[in-house]
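This one's a predicted model, so the numbers in the text were calculated from it and none came from an experiment.
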Amino acid sequence: MRKMSSQVDLINRDPNVLNNHVQVMFDDVLAEPEGAHSIDCVWRNSFKCFNCGRNVCYKILTFICGLPIALFWGCLFAMVSFSEIWCITPQMRCLHVTLYSVKKILSIVLSSNYLKIKKDKKKFYSKKIKVFLVL
C-alpha cells in the first residue's frame, strides 16, 4: 500500500508516466518537406509562436480550471472508494456466503449428471444418420 506524501514533487510531475502521449512538440505538429520551405524567419518565429501559445494557453486553462477539476476528481474517487468499501465489497461477501450452498449443490448435480450427459452425447453421435433426397 502506498503512503500519501505530504509533499508534492514540483520537478517530476508525472512520476508514473501517465501522460507521455500528450507531449506534443513543434516538430510533431508542423513539418515542411524538402522543396517546400518557408522563409527562415517565418519558420523560426512559427516555432516561437507555437511554443508560446501552447504554454500560455495551458497555464491560463490550468489557472482557471485546475483547482475545480482537481476537486471534482478528488470527490469522484472518494465516492468510488466509499462505494467499494461500504457497499460493493460487503454485498459481494454476502453473495459469496449466501451462494456457497448453491455452488456446492450445483457441483454435485453437475458432476453426477456429467457422466450421463457424456454417455448420451457419445451415443447420439455414434449413430449413423442417413439422409434421403426424395424428388
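More than 12 heavy atoms of other residues, nucleotides or ligands shown are found within 6.0 angstrom of CG on Leu18.
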Under 3.5 Å, which donor-acceptor pairs do the side chains of residues 27-39 form with other protein atoms, sequence neighbours left out?
{"from": "Asp28", "atom 1": "OD2", "to": "Met25", "atom 2": "N", "distance (Å)": "3.0"}
{"from": "Glu32", "atom 1": "OE1", "to": "Ser38", "atom 2": "N", "distance (Å)": "3.0"}
{"from": "Glu32", "atom 1": "OE1", "to": "Ser38", "atom 2": "OG", "distance (Å)": "3.4"}
{"from": "Glu32", "atom 1": "OE2", "to": "Ser38", "atom 2": "N", "distance (Å)": "3.1"}
{"from": "Glu32", "atom 1": "OE2", "to": "Ser38", "atom 2": "OG", "distance (Å)": "2.9"}

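The line from CZ of Phe77 to CZ of Phe72 is 9.5 Å long, rounded to the nearest 0.5 Å. Here NZ of Lys59 is found 14.5 Å from CD1 of Ile64. Values are rounded to the nearest 0.5 Å. Of the inter-residue distances, the one linking Asp40 atom CG with Asn45 atom CG reads 11.0 Å to the nearest 0.5 angstrom. Rounded to the nearest 0.5 angstrom, Met92 CE and Leu99 CG are separated by 9.5 Å.
Cluster membership for Tyr100 and Leu95, using ILVMFWY side-chain heavy atoms within less than 4.5 angstrom, is not shared. Residue Ile85 is grouped with residue Phe82 when hydrophobic side chains (ILVMFWY) are merged at heavy-atom distances under 4.5 angstrom, including chains of intermediate members. Val80 and Trp73 fall into different hydrophobic clusters, defined by Ile, Leu, Val, Met, Phe, Trp and Tyr side-chain heavy atoms under 4.5 Å apart, directly or through other members. There is a path of hydrophobic side-chain contacts, each under 4.5 Å, that joins Val24 to Trp43.
Under the 3.5 Å distance criterion, the side-chain polar atoms of Asp9 are matched with a main-chain donor or acceptor of Asn12.
For the pair Lys103 and Ile105, the minimum side-chain heavy-atom distance is 4.5 Å or more.
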Checklist line | Stepwise side chain to side chain contact (heavy atoms under 4.5 Å, CB included) test for His21 and Asn19 | finding: CA-CA 5 Å; His21 63 285; Asn19 291 308; 3.8 Å; yes
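Counting all heavy atoms, side chain and backbone alike, Thr89 lies closest to Glu84 at OG1-O, 2.8 Å. Of all heavy-atom pairs spanning Ile108 and Ser111, the tightest one is O-OG, 3.0 Å.
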